[in-house]
Amino acid sequence: MSQEKLFRFNPFNIKNWKDEEVKEQYEILENSLCTGDAPSELAWDIELYANMGYLIGEMVARYYELVAIQKVQTDVNIANAIYRERKDWANSNTDKAPAMSYFENKAQSQYLDELKELARLESNLKRFKYAYDSIESKQNALKKKMESIKYDTFNR
């Protein structure tokens, strides 16, 4: 019986895990890496990296959702604030209204904290995307190493 445990995480259940549980499982996998040069050790590490990549992919999905929700909410809040600013200005002034950018800037300044939070979430998303790409690169490097070991072993 094979000990292969590729993608041991059920996507229908993992979405219910807390971030801390994903982190703990990632650390368990990370600590299980053997970093040896034997083909079986390389295969084991490739499998572990695949599962680590899956966990990072889960975090990417979570941050995509958080970024999308934050962006929509912030956009709606700013649009509502622009409307209120223009309405308030029109109610208290008879002059021609300033350029739209005036009201947009006033509205955005009211939601700086939300815009900063959006930037923080986007940077976390980017960080996890880079980690995902890095794990894929590591897997590919290990696969190439395994192939070169096989070639050296059987073609002497």
Side-chain angles (χ1 to χ4, degrees), residues 1-83 100-156:
M1 182 165 167
S2 171
Q3 287 193 346
E4 183 174 325
K5 296 189 191 312
L6 186 58
F7 297 123
R8 56 177 90 173
F9 311 107
N10 182 333
F12 298 101
N13 296 330
I14 198 168
K15 67 181 181 181
N16 299 322
W17 288 16
K18 294 179 179 128
D19 289 356
E20 189 60 34
E21 291 173 297
V22 175
K23 177 182 178 255
E24 287 171 8
Q25 185 61 52
Y26 183 90
E27 289 171 348
I28 289 169
L29 294 173
E30 187 177 41
N31 291 330
S32 298
L33 291 168
C34 55
T35 63
D37 284 338
S40 61
E41 292 171 323
L42 292 170
W44 175 255
D45 284 352
I46 290 168
E47 182 180 312
L48 289 176
Y49 280 119
N51 283 288
M52 291 164 68
Y54 184 85
L55 293 173
I56 289 175
E58 171 63 25
M59 295 307 296
V60 167
R62 290 175 188 210
Y63 277 106
Y64 264 122
E65 181 180 24
L66 291 173
V67 165
I69 290 168
Q70 181 73 28
K71 182 165 180 28
V72 168
Q73 186 61 58
T74 302
D75 288 349
V76 167
N77 289 346
I78 289 172
N80 287 335
I82 291 170
Y83 173 79
M100 189 65 176
S101 59
Y102 169 80
F103 298 108
E104 290 168 348
N105 290 333
K106 283 189 79 164
Q108 284 179 341
S109 67
Q110 295 173 22
Y111 290 95
L112 280 178
D113 289 340
E114 287 85 349
L115 291 168
K116 287 177 185 176
E117 176 63 11
L118 179 59
R120 188 189 67 75
L121 291 172
E122 287 174 335
S123 71
N124 285 341
L125 173 59
K126 190 169 277 196
R127 191 172 296 116
F128 277 102
K129 283 179 166 180
Y130 289 147
Y132 187 85
D133 291 344
S134 179
I135 280 186
E136 273 190 330
S137 295
K138 181 64 174 180
Q139 278 181 285
N140 290 334
L142 289 175
K143 288 175 186 176
K144 287 178 183 177
K145 187 175 186 178
M146 187 184 319
E147 286 302 314
S148 68
I149 290 171
K150 285 181 191 176
Y151 181 80
D152 287 345
T153 303
F154 296 114
N155 290 324
R156 290 187 182 226

Student: How long is the span from the CE atom in Met59 to the CD1 atom in Ile14, to the nearest 0.5 Å?
Tutor: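 Interatomic distance, Met59 CE to Ile14 CD1, rounded to 0.5 Å: 9.5 Å.
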Student: Which heavy atom in Pro39 sits nearest to a heavy atom in Met146, and how many Å separate them?
Tutor: O-CE, 3.9 Å
Student: For Asn124 and Val67: C-alpha separation, side-chain torsions, deciding distance, then whether side chain to side chain contact (heavy atoms under 4.5 Å, CB included) applies.
Tutor: CA-CA 10 Å; Asn124 285 341; Val67 165; over 6 Å; no
Student: Is the shortest distance from a Lys or Arg side-chain nitrogen in Lys144 or Glu147 to a carboxylate oxygen in the other one below 4.0 Å?
Tutor: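 Salt bridge flag = no for Glu147 with Lys144.
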Student: How close do Ala107 and Ile82 get, counting heavy atoms only, and between which atoms?
Tutor: CB-CG1, 3.4 Å
Student: Could you walk me through whether Glu114 and Gln73 satisfy the side chain to side chain contact (heavy atoms under 4.5 Å, CB included) test, starting with their C-alpha distance in whole Å, then the side-chain angles of each, then the deciding distance to 0.1 Å, before giving a yes or no?
Tutor: CA-CA 9 Å; Glu114 287 85 349; Gln73 186 61 58; over 6 Å; no
Student: Would a 4.5 Å heavy-atom cut-off, applied to side chains only, mark Tyr111 and Glu117 as touching?
Tutor: no
Student: Which heavy atom of Ile56 sits nearest a heavy atom of Phe128, and at what distance?
Tutor: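 Ile56 and Phe128 have their closest heavy atoms at CG2-O, 3.3 Å.
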Student: Output yes when a side-chain donor or acceptor of Ser32 lies under 3.5 Å from a complementary backbone atom of Ile28, and no otherwise.
Tutor: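 Between the backbone of Ile28 and the side chain of Ser32 there is a qualifying donor-acceptor contact (under 3.5 Å).
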Student: To the closest 0.5 Å, what do you measure between CG (Leu29) and CD (Glu47)?
Tutor: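 CD of Glu47 is found 9.5 Å from CG of Leu29.
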Student: So, taking the atom named CG in Asp37 and the one named CG in Leu142, what distance separates them when rounded to the nearest 0.5 Å?
Tutor: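 So the CG of Asp37 and the CG of Leu142 are separated by 9.5 Å.
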Student: Tell me the closest heavy-atom pair linking Leu66 and Leu121, and the distance in Å.
Tutor: O-CD1, 3.9 Å
Student: Can you tell whether the side chains of Glu65 and Arg62 come within less than 4.0 Å, N to carboxylate O?
Tutor: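 Salt bridge flag = no for Arg62 with Glu65.
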Student: Indicate the atoms forming the closest heavy-atom contact of Thr74 with Leu115, along with that distance.
Tutor: CG2-CD2, 3.6 Å
Student: Do the charged groups of Lys71 and Asp75 touch, with an N to O distance under 4.0 Å?
Tutor: yes
Student: So Phe9 and Trp17, would you call those rings parallel, tilted or perpendicular, with 30° and 60° as cut-offs?
Tutor: perpendicular
Student: Hey, are Glu27 and Lys23 close enough for a salt bridge, meaning a charged N less than 4.0 Å from a carboxylate O?
Tutor: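 Yes, Glu27 and Lys23 are salt-bridged.
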Student: Is there a side chain to side chain contact (heavy atoms under 4.5 Å, CB included) between Glu136 and Asp133? Walk through the geometry before answering.
Tutor: CA-CA 5 Å; Glu136 273 190 330; Asp133 291 344; 4.2 Å; yes
Student: Give me the atom names and distance for the closest heavy-atom approach of Asp45 to Gly36.
Tutor: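 What the structure gives for the nearest pair is OD2-N, 4.1 Å.
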Student: Find the distance between OG1 (Thr35) and CG (Leu42) and round it off to the nearest 0.5 Å.
Tutor: 9.5 Å
Student: I need the Tyr130 OH to Leu125 CG distance, nearest 0.5 Å.
Tutor: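 Result: 10.0 Å between the selected atoms.
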